[in-house]
Q: 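Encoded as structure tokens, here's the structure I'll be asking about.
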2 protein chains.
Amino acid sequence: MESLKETGARHAGSHGRWYQDACGTAFAMELLGERWSMLVVRELLLGPRRFSDLRAALPGISAKVLTERLAGLETAGVLLRRRLPPPAASQVYELRAWGHAAEAPILALARWAAMSRGHNPQLPLSPVAFMLSLRAMLAPGPVSGAPLRVGFTVAGESFLAEFAGNALAVRRATAEELAGADASFTAEAPLPLLRVFYGHQPLDQAEQGGVRVAGDRAAAERFASMFALPEKLA
Amino acid sequence: MESLKETGARHAGSHGRWYQDACGTAFAMELLGERWSMLVVRELLLGPRRFSDLRAALPGISAKVLTERLAGLETAGVLLRRRLPPPAASQVYELRAWGHAAEAPILALARWAAMSRGHNPQLPLSPVAFMLSLRAMLAPGPVSGAPLRVGFTVAGESFLAEFAGNALAVRRATAEELAGADASFTAEAPLPLLRVFYGHQPLDQAEQGGVRVAGDRAAAERFASMFALPEKLA
DNA sequence: CAGAATCCCATTCGATACTG
DNA sequence: CAGTATCGAATGGGATTCTG
């Protein structure tokens, strides 16, 4: 058993109230349980973001609260603040290794919530949240098949999804990388893409609704069929 | 109490402020993100509990807050309140199927928190939280081997852990069921057991520290060696 | 024991205004 | 753009009391 000294010291990043509970879940909720904290981490899971990026992705958060959450998460050791090299005089927030490991519980929560009736997928969704949903909702089991590289451009942000060996990796990408993909989806907003990936909407119908599909159409079809929302539970 | 006015069809169980976000993580945090909510669910994961059981397991929660959280979780569809048959005139709270499915994200959060330095395992721990930690920290990979049934009595509460096919099931048990187990651990509090399961403390040393080991000692040894805290991340 | 009802203070939120 | 400062309003939560 590790030493863990500190008689009565509080956890870093704690918000002044803390559970006296050794359970990891309790500790996790001290770190991520404040309003907005987990969504801030979510937005950082696909790479560093600036203050204004985060505000844009989290409609409803105020500058004050975002500032407070970023400071708390930094103190907690979840993320760090990095100043970009001179050309760009700006600052970005970036997850540390441990912060990045929060992806697993975050996706697990998303899968759980999606099993609820009452979950409303019509609300706004950030591009990052949409891309992460693909990782959350990749149908399990032997879906395998040939590797697949699929590009996404959603609301101006580009990503590359790489499927290989029954796992799906997602990262931000440049236009050049998207050119090398097997297929690409482009949309002004995530909502029409949700219809394709979780609503079983056929591709040609989606193209009426603001989705552009480029590249190998069969690959796009196969990729889209790999995702499904979990069944609802009572 | 919340009156649920408003035409806008808010999410059930929402606490009046809500994220406008279709992401499942956001919805999950609306349901479980309030202080104490997730820990209440945790305490129900191994079966129904009474109001006073929950208060005892969650030191620091007030009657008012517990009442509010139970009401909110019931409205959200996570749990339901059941009146026991006449002999016992009391009431219990019980997870619904969907509520029970929250075990996956709850354990994922626990694993994540355990990867942090700063996690203090010396704090008090409820018997349920300890038993769940076994499910969270079962070492992955081909640990297999013969099935194993191990009893636990912690602070007067008894459980049976059944390992088979690389999976570990845990449930409450009666004294008779414990008698049929391959081995049994008994302790007044979870802390000394933590030293055995996560601190690599040898059994005979643990027996100096308030742990009683009964039954097949080799089985007890093998079982204890199946668990490990995840490695810390920076 | 199980909870509802009150009281009341500390914290927190969001909006707005302001600054480098 | 990236925050800070301030302020009124809402909420949270602990303690206490009351009831069946």
Side-chain angles (χ1 to χ4, degrees), chain A residues 10 13-21 26 29-30 32-37 39-40 43-44 48-75 79-94, chain B residues 1-6 10 13-21 29-30 32-40 43-44 48-75 79-94:
Chain A
R10 332 228 310 240
S14 164
H15 36 111
R17 315 171 307 212
W18 61 109
Y19 309 112
Q20 282 298 340
D21 197 317
M29 289 309 282
E30 287 176 9
L32 298 183
E34 274 185 310
R35 191 162 151 74
W36 293 110
S37 286
L39 302 189
V40 170
E43 284 302 315
L44 295 175
R49 310 253 68 196
R50 291 172 306 177
F51 191 89
S52 51
D53 297 329
L54 295 171
R55 282 207 74 174
L58 301 173
I61 199 172
S62 69
K64 179 191 179 189
V65 171
L66 180 54
T67 301
E68 288 170 359
R69 293 302 176 271
L70 289 169
L73 290 169
E74 186 177 17
T75 304
L79 57 80
L80 44 80
R81 164 185 323 228
R82 195 156 54 84
R83 184 159 291 287
L84 292 181
S90 97
Q91 232 179 169
V92 293
Y93 297 88
E94 182 173 26
Chain B
M1 263 305 295
E2 64 180 319
S3 30
L4 269 311
K5 57 264 170 188
E6 321 218 359
R10 332 208 327 225
S14 163
H15 36 110
R17 311 176 307 215
W18 61 112
Y19 307 113
Q20 283 297 340
D21 196 318
M29 289 309 283
E30 286 175 11
L32 298 182
E34 273 185 310
R35 190 161 150 74
W36 293 112
S37 287
M38 199 157 331
L39 302 188
V40 170
E43 285 302 315
L44 295 175
R49 311 255 66 199
R50 292 170 306 178
F51 191 89
S52 50
D53 297 329
L54 295 172
R55 281 206 74 174
L58 301 172
I61 198 172
S62 71
K64 178 192 180 187
V65 172
L66 181 53
T67 301
E68 287 171 357
R69 293 303 177 270
L70 288 169
L73 290 168
E74 187 178 16
T75 304
L79 58 80
L80 43 82
R81 162 183 328 224
R82 195 156 53 85
R83 185 159 291 284
L84 291 181
S90 97
Q91 230 179 170
V92 294
Y93 298 87
E94 183 174 24

Q: Using every non-hydrogen atom in the two residues, find where Leu66(B) and Val40(B) come nearest and quote the distance to one decimal.
A: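 The answer is CD1-CG2, 4.0 Å.
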Q: Does Ser52(A) make a side-chain N or O approach to OP1 or OP2 of dA2(D) shorter than 4.0 Å?
A: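 Indeed, a polar side-chain atom of Ser52(A) lies that close.
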Q: Does the side chain of Ser62(A) get closer than 4.0 angstrom to OP1 or OP2 of dC13(C) through an N or O atom?
A: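 Ser62(A) to dC13(C) OP1/OP2: no side-chain N or O under 4.0 Å.
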Q: Atom CD of Glu68(A) to atom P of dG3(D): distance rounded to whole Å?
A: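 Spelled out: CD on Glu68(A) to P on dG3(D) is 14 Å.
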Q: Which residues pass the salt bridge (Lys or Arg N to Asp or Glu O under 4.0 Å) test with Arg50(B), sequence neighbours left out?
A: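 Expected list: Asp53(B).
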Q: Figure out the CD/P separation between Glu74(B) and dA2(C), and round it to whole Å.
A: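 Taking CD of Glu74(B) and P of dA2(C), I get 16 Å after rounding.
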Q: Just jot down the side chain to side chain donor-acceptor pair (under 3.5 Å) partners of Glu94(A), sequence neighbours excluded, or say none.
A: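 Once residues adjacent in sequence are excluded, the partners of Glu94(A) under the side chain to side chain donor-acceptor pair (under 3.5 Å) criterion are Arg82(A).
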Q: Once you round it to whole Å, what is the distance between P of dC1(D) and CG of Leu66(A)?
A: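 Distance, rounded to whole Å: 14 Å.
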Q: Could you report the tightest heavy-atom contact between Trp36(A) and Leu58(A), atom names first, then the distance?
A: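 Minimum heavy-atom separation between Trp36(A) and Leu58(A): CZ3-CB, 4.0 Å.
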Q: Output yes when at least one side-chain N/O atom of Gln91(A) is less than 4.0 Å from OP1 or OP2 of dG3(D), else no.
A: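 Yes, within the criterion.
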Q: Compute the angle between the rotation axes at the two ends of the helix from dC1(C)-dG20(D) to dG20(C)-dC1(D), each taken over five pairs, rounded to 10 degrees.
A: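 Rounded value for the end-axis angle: 40°.
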Q: Protein-nucleotides 16-20 of chain C N/O pairs closer than 3.5 Å?
A:
none

Q: Which heavy-atom pair separates Leu32(A) from Ser37(A) by the least distance, and what is that distance?
A: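 Answer, listing the atom of Leu32(A) first, then Ser37(A): O-CB, 3.7 Å.
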Q: Report yes if a side-chain nitrogen or oxygen of Arg49(A) is closer than 4.0 Å to either non-bridging phosphate oxygen (OP1 or OP2) of dC1(D); otherwise report no.
A: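 No, no such contact exists.
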Q: Under the rule for salt bridge (Lys or Arg N to Asp or Glu O under 4.0 Å), what residues qualify as partners of Glu43(B), not counting sequence neighbours?
A: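 Here no residue qualifies.
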Q: Write out all pairs satisfying side-chain hydrogen bond (donor to acceptor under 3.5 Å, both in side chains) with one or both partners inside residues 57-69 of chain A, taking only residues at least two apart or from two chains.
A: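 Of all non-adjacent pairs touching residues 57-69 of chain A, none passes side-chain hydrogen bond (donor to acceptor under 3.5 Å, both in side chains).
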Q: Check side-chain contact (heavy atoms from CB on, under 4.5 Å) between Ala63(A) and all other residues, then give those that pass, not counting sequence neighbours.
A: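 Testing Ala63(A) for side-chain contact (heavy atoms from CB on, under 4.5 Å), a comparison that skips the adjacent residues, returns Phe51(A), Arg55(A).
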Q: Looking at every non-hydrogen atom in both residues, tell me the closest pair between Leu39(A) and Asp21(B) and how far apart they are.
A: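 Heavy-atom minimum between the residues: CD1-OD2, 4.3 Å.
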Q: Measure the distance from CD1 on Ile61(B) to P on dG13(D) and round it to the nearest whole Å.
A: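 Distance check: Ile61(B) CD1 to dG13(D) P gives 9 Å.
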Q: Can you tell me the distance, in whole Å, between the CG atom of Leu70(A) and the P atom of dC1(D)?
A: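 One finds 16 Å between P of dC1(D) and CG of Leu70(A), rounded.
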Q: From the set dG14(D), dG3(D), dA2(C), return the single nucleotide nearest to any side-chain atom of Thr67(A).
A: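 Ranking dG14(D), dG3(D), dA2(C) by closest atom to the Thr67(A) side chain puts dG3(D) first.
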Q: Given atom CZ of Arg35(A) and atom P of dT11(D), what is their separation to the nearest angstrom?
A: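 Rounded to whole Å, this separation is 11 Å.
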Q: Could you tell me the separation between the CD atom of Glu34(A) and the P atom of dC13(C), rounded to a whole number of Å?
A: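 Taking atom P of dC13(C) as the reference, CD of Glu34(A) is at 7 Å.
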Q: Can you tell me how far C1' of dG3(C) sits from CZ of Arg83(B), to the nearest Å?
A: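 Roughly 11 Å, once rounded to whole Å.
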Q: Which part of the nucleic acid does Arg69(A) contact within heavy-atom distance under 4.0 Å: base, sugar-phosphate only, or nothing?
A: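 Arg69(A): backbone/sugar contact only, no base atoms under 4.0 Å.
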